[in-house]
A.B. asks: 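Please find one structure pasted underneath; my questions will follow.
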2 protein chains.
Amino acid sequence: MSLRAALLALIEVAGPSSGYDLTKRFEGSLAHVWQASHSQIYPELNRMAADGLLKVEEEGPRGRKTYAITAAGQAELYQWLTEVKTEQRVRDEASLRAFLLPLLPGQKAIELLTERARAAETKKAELEALRLRVGESSFGGFALERGLRHMTAERDWALWAIDRLQKSEEARTETVRTPTGEPE
Amino acid sequence: MSLRAALLALIEVAGPSSGYDLTKRFEGSLAHVWQASHSQIYPELNRMAADGLLKVEEEGPRGRKTYAITAAGQAELYQWLTEVKTEQRVRDEASLRAFLLPLLPGQKAIELLTERARAAETKKAELEALRLRVGESSFGGFALERGLRHMTAERDWALWAIDRLQKSEEARTETVRTPTGEPE
DNA sequence: TGAGACATGTAATCAGTTACATGATTAT
DNA sequence: ATAATCATGTAACTGATTACATGTCTCA
């Protein structure tokens, strides 16, 4: 139902739109939080019109169809926005990789974590640049701030994990160097 | 492919296991990072055996089948663990809700954010309790620390957003009280 | 003998991806 | 004329959920 909510919200905010318009909208700043391709959007718009949440307001050149939100659509959107999600399913590949990290040799794990810290830093810079471009209090501002905070947490976690692994690597190397703890 | 990796990893760590064993394993601490039900696990195990990543090591009572990891399975697991994921698709309902928050009246948004701060705090407490139970350096330790940091970021973001909304609500109320800014 | 845990499966459905397919309009 | 952009769709497939379906073993 998230795709429906996103489509309803986009039309609510920007007014009547075609599938083509909406597809492009999903490639803008919204892409940081949700993605959808035209092959998913077009059938969904048809279903939503069939369900009375949207209506075809206008048919333009090249078969262009402009969808407007109906009262039922607005009700559905408000309903979705205000429902409280208890117990969501967790299926996060990044978390799974963190969970399974101990299966790798220390050096390899450190390499991967370094890359991850770098990626989080890059994403963070990207969001900061976006904020400069669109301003402090633009429409997606709350999500932007949230992304920044989570990227900071991700980077700091990766650095913490690297530090931890490095300490245990040192201890291990130490042990290897003087296996019995006794000089000759 | 994440499910495959998780199954291979569980068998790698705990030794030969049945679908039933693995299903229960997904209900333990792993449930914080990935979920899978028996109806997904059983067919996947069969496919993995057909692909040579696992082999049926033993058939027990009640039709129990114990799967062991093969050399090909270990190679596949290592491959998955070390591949660097560039550009992952984003589809995060919590982020979408944050993005669309400005569509709600301020008071309603504050309510939802309060609930979200509370939920993050609860999850954080849950993870802290888990850490006390399983110890600082247990197998899922890296993921646990990561979860804690992200839940902290989530709670802090929600509190920040509430504060921001409260300030603009106050400003709005102020305006309503003395609409022209002039006393009579 | 009956409850509860053990144990494995399939079918229908939903959300999403990738690839295929078609054609109209506009600007150079 | 032709390339770019506008514009909409469908089909095959993958991963996941929910519901249905079946049967065994153990212990009180």
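Within every chain, numbering begins at 1; the chains are lettered A, B, ... in the order of the sequence lines, protein sequences first and strands thereafter.
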A.B. asks: M1(A) or S39(A): which one's nearest nucleotide on DNA chain C is closer to the 5' end?
C.D. replies: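 Result: M1(A).
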A.B. asks: As a quick check of understanding, evaluate side chain to side chain contact (heavy atoms under 4.5 Å, CB included) for L165(B) and F142(A), giving each step before the final call.
C.D. replies: CA-CA 10 Å; L165(B) 284 168; F142(A) 289 108; 3.8 Å; yes
A.B. asks: Just do the side-chain hydrogen bond (donor to acceptor under 3.5 Å, both in side chains) check on E93(A) and S2(B) with the steps written out, would you?
C.D. replies: CA-CA 7 Å; E93(A) 189 175 317; S2(B) 296; 3.3 Å; yes
A.B. asks: Have a look at R116(A) and tell me which of E121(A), E154(A), E111(A) forms a salt bridge (charged side-chain N to carboxylate O under 4.0 Å, His left out) with it.
C.D. replies: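 The single option meeting the salt bridge (charged side-chain N to carboxylate O under 4.0 Å, His left out) with R116(A) is E154(A).
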A.B. asks: For the pair made of CG in D21(B) and C1' in dT8(C), what is the distance, rounded to whole Å?
C.D. replies: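 In whole Å, dT8(C) C1' and D21(B) CG are 13 Å from each other.
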A.B. asks: Any idea which of dT17(D), dA5(C), dT10(D) is nearest the Q40(B) side chain?
C.D. replies: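 Ranking dT17(D), dA5(C), dT10(D) by closest atom to the Q40(B) side chain puts dT17(D) first.
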A.B. asks: CD of E59(A) versus P of dA24(C): gap in Å, rounded?
C.D. replies: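 Those two atoms, CD and P, are 16 Å apart.
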A.B. asks: Over 60° means perpendicular and under 30° means parallel, so classify the ring planes of H150(B) and H150(A), tilted if in between.
C.D. replies: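 The arrangement is parallel - the two ring planes meet at less than 30°.
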A.B. asks: May I have the list of side-chain donor-acceptor pairs in residues 21-28 of chain B shorter than 3.5 Å, sequence neighbours left out?
C.D. replies:
unit_1, atom_1, unit_2, atom_2, d
D21(B), OD1, S18(B), OG, 3.4
D21(B), OD2, S18(B), N, 3.0
D21(B), OD2, S18(B), OG, 3.2
D21(B), OD2, R64(B), NH2, 2.8
T23(B), OG1, G19(B), O, 2.7
R25(B), NH2, S17(B), OG, 3.3

A.B. asks: Base of dT18(D), side chain of S37(B) - is there a donor-acceptor contact under 3.5 Å?
C.D. replies: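 It does not, because no donor-acceptor pair links the side chain of S37(B) to the base of dT18(D) below 3.5 Å.
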A.B. asks: For the side chain of R62(A), starting at C-beta, report the closest nucleotide among dT25(C), dT10(D), dG9(C).
C.D. replies: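 So the side chain of R62(A) is nearest to dT25(C).
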A.B. asks: Write down the distance between NZ (K24(A)) and C1' (dA4(D)), rounded to a whole number of angstrom.
C.D. replies: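 Going from K24(A) (NZ) to dA4(D) (C1'), I get 13 Å.
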A.B. asks: Answer with yes or no whether S18(A) presents, from its side chain, a donor or acceptor under 3.5 Å of a partner atom in the base of dT8(D).
C.D. replies: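 When only heavy-atom distances are counted, S18(A) does not reach the base of dT8(D) through any donor-acceptor pair under 3.5 Å.
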A.B. asks: Between dT10(C), dT17(C), dC6(D), spot the one nearest the side chain of R91(B), thanks.
C.D. replies: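 Per side-chain heavy atoms of R91(B), the pick is dT17(C).
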A.B. asks: Quick one: which of dT8(C), dT17(D), dC25(D) gets closest to the side chain of R64(B)?
C.D. replies: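 Closest of the options to the side chain of R64(B): dT8(C).
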A.B. asks: Does dT8(C) have OP1 or OP2 under 4.0 Å away from a side-chain N or O of Y42(B)?
C.D. replies: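 For Y42(B), the contact criterion (side-chain N or O under 4.0 Å from OP1 or OP2 of dT8(C)) is met.
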A.B. asks: E44(B) has an atom CD; how far is it from atom P of dA16(D), in whole Å?
C.D. replies: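 Answer to the nearest Å: 8 Å.
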A.B. asks: Nearest whole Å is fine: how far is dT17(D) C1' from L3(B) CG?
C.D. replies: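 After rounding, the gap between these two atoms is 13 Å.
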A.B. asks: Of the listed nucleotides (dA7(C), dG9(C), dG9(D)), which one gets closest to any side-chain atom of Y67(B)?
C.D. replies: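 Looking only at heavy atoms from C-beta outward on Y67(B), the closest nucleotide is dG9(C).
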A.B. asks: Would you classify S2(A) as touching base, sugar-phosphate or nothing, given that sugar-phosphate means primed atoms plus P, OP1 and OP2, and contacts are heavy atoms under 4.0 Å?
C.D. replies: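 Result for S2(A) = nothing.
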A.B. asks: Between atom OH in Y20(A) and atom P in dT5(D), what is the gap in whole Å?
C.D. replies: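 Interatomic distance, OH of Y20(A) to P of dT5(D): 8 Å.
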A.B. asks: Considering only dG9(C), dC25(D), dT17(D), which nucleotide approaches the side chain of K65(B) most closely?
C.D. replies: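 Of the candidates, dG9(C) comes closest.
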A.B. asks: Report the distance from atom NE2 of H38(A) to atom P of dT18(C), rounded to the nearest whole Å.
C.D. replies: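 One finds 12 Å between P of dT18(C) and NE2 of H38(A), rounded.
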A.B. asks: How long is the line joining CD1 of I41(B) and P of dA7(C), in whole Å?
C.D. replies: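 Distance, rounded to whole Å: 14 Å.
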A.B. asks: For T23(A), which contact category applies under a 4.0 Å heavy-atom criterion: base, sugar-phosphate, or nothing?
C.D. replies: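 If one applies the 4.0 Å heavy-atom cut-off, T23(A) turns out to touch nothing in the nucleic acid.
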